[in-house]
Amino acid sequence: MRQWLEKVEEQHGLDKLTLRSRQVVLASFALLLVLVIYRGFLLQDDDFNWRPVVAFVLPLVLFLPSIIGKRARGHAWLAFVSLLYFTQGVMLVTLPGQGLRGVVEAVVALVLFTGCMSYARFRSRQLNQ
């Protein structure tokens, strides 16, 4: 796997791979944030309560400085946090009537995980050159 990644890095260049993985991270992060906010609002009854929305959104929002600052270590930690949302998506799939939403959340979280890990690798190698 390592040899394959090094071959891909040589073929496409670290700058291009870093840019592409950052675009994947930004798109999947925004989509996951929208999905999580939507789910938080779905849990509401007639009396609106911000706590479920904040509980779902806060772990993602805490990583905004790392994403804006393009820090590789922050992206690596975000990858691990995205696995929590992947787990939530898988659990949603098992609930009646929530299958599609669960699949979408799990896939978006998995794309975020892959993008974050790729960005962390390519960015750290780019900075070490």
Side-chain angles (χ1 to χ4, degrees):
M1 178 82 161
R2 183 177 182 172
Q3 292 172 347
W4 177 77
L5 277 172
E6 290 173 355
K7 185 178 178 183
V8 168
E9 290 170 1
E10 287 176 17
Q11 287 177 347
H12 299 287
L14 281 174
D15 293 335
K16 183 177 178 182
L17 292 171
T18 303
L19 178 66
R20 295 288 166 122
S21 58
R22 178 151 172 81
Q23 291 170 345
V24 168
V25 167
L26 292 174
S28 58
F29 181 83
L31 186 56
L32 186 61
L33 197 59
V34 167
L35 287 171
V36 167
I37 290 171
Y38 177 70
R39 183 170 25 119
F41 283 119
L42 283 180
L43 293 175
Q44 302 299 322
D45 292 332
D46 294 332
D47 187 27
F48 185 74
N49 188 357
W50 282 98
R51 282 179 278 184
V53 178
V54 170
F56 288 129
V57 172
L58 186 62
L60 286 176
V61 172
L62 290 176
F63 286 98
L64 272 175
S66 293
I67 291 175
I68 293 170
K70 300 179 181 179
R71 291 192 291 267
R73 182 172 284 189
H75 281 76
W77 279 105
L78 177 58
F80 297 125
V81 170
S82 72
L83 293 177
L84 297 172
Y85 292 97
F86 172 77
T87 305
Q88 276 184 319
V90 170
M91 287 182 1
L92 275 175
V93 169
T94 63
L95 297 175
Q98 303 295 321
L100 181 61
R101 215 175 69 209
V103 167
V104 170
E105 186 172 332
V107 168
V108 170
L110 196 59
V111 169
L112 180 61
F113 173 80
T114 305
C116 284
M117 292 307 287
S118 299
Y119 181 80
R121 175 188 170 84
F122 299 141
R123 181 69 174 159
S124 63
R125 288 180 61 93
Q126 187 182 42
L127 292 175
N128 288 333
Q129 283 185 345

Problem - Pairs touching residues 74-97 that satisfy side chain to side chain donor-acceptor pair (under 3.5 Å), sequence neighbours left out - result: Arg39-Gln88
Problem - Hydrophobic cluster of Leu95, others only, ordered by chain and residue number, side-chain cut-off 4.5 Å - result: Leu92
Practice task
Would you list the pairs meeting side chain to side chain donor-acceptor pair (under 3.5 Å) in which at least one residue belongs to residues 57-74, sequence neighbours left out?
Solution key: none
Practice task
Scan residues 8-27 for pairs that pass ring pair (Phe, Tyr, Trp, His ring centres under 6.0 Å), counting only residues two or more places apart or in two chains.
Solution key: none
Handout entry: Verdict with supporting geometry, Ser28 and Leu32, side chain to side chain contact (heavy atoms under 4.5 Å, CB included)
Key = CA-CA 6 Å; Ser28 58; Leu32 186 61; over 6 Å; no
Problem - Atom pair OH (Tyr38) and CG (Leu33), whose distance is rounded to the nearest 0.5 Å - result: 15.5 Å
Show me the side-chain donor-acceptor pairs of residues 54-62 shorter than 3.5 Å, one per line, residues at least two apart or across chains.
none

Practice task
For residues Phe29 and Leu64, determine if any side-chain heavy atom of one lies less than 4.5 Å from a side-chain heavy atom of the other.
Solution key: yes
Practice task
For residues 77-87, pull every pair meeting salt bridge (Lys or Arg N to Asp or Glu O under 4.0 Å), keeping only residues two or more places apart or in separate chains.
Solution key: none
Handout entry: Within one Ile-Leu-Val-Met-Phe-Trp-Tyr cluster: Ile68 and Leu26, side-chain cutoff 4.5 Å
Key = no
Handout entry: Gap between atom CG of Leu78 and atom CZ of Phe113 - 0.5 Å precision
Key = 10.5 Å
Problem - Contact list for residues 15-26, test side chain to side chain donor-acceptor pair (under 3.5 Å), sequence neighbours left out - result: Asp15-Gln126
Completion exercise
Value for CD (Gln98) from CE (Met91), rounded to nearest 0.5 Å, stands at 12.0 Å
Handout entry: Residue list, side chain to side chain contact (heavy atoms under 4.5 Å, CB included) with Ala76, at least two apart or on another chain
Key = Ala120
Practice task
Mark yes when over 12 heavy atoms from residues, nucleotides or ligands other than Gln3 sit less than 6.0 Å from its CD; otherwise mark no.
Solution key: no
Problem - side chain to side chain contact (heavy atoms under 4.5 Å, CB included) involving Val34 - partner list, sequence neighbours excluded - result: none
Problem - Connected via hydrophobic side-chain network under 4.5 Å: Leu19 and Val8 - result: no
Practice task
Could you work out the complete set of other residues in the hydrophobic cluster of Phe86, with links drawn between I, L, V, M, F, W and Y side chains under 4.5 Å apart?
Solution key: Val90, Leu110
Practice task
Under 4.5 Å between side-chain heavy atoms, chaining through other members, with only Ile, Leu, Val, Met, Phe, Trp and Tyr counted: pull out the rest of the cluster around Val111, sorted by chain and number.
Solution key: Val24, Val93, Val103, Val107
Problem - Residue pairs, two or more places apart or on separate chains, that pass salt bridge (Lys or Arg N to Asp or Glu O under 4.0 Å) and touch residues 106-123 - result: Glu9-Arg121
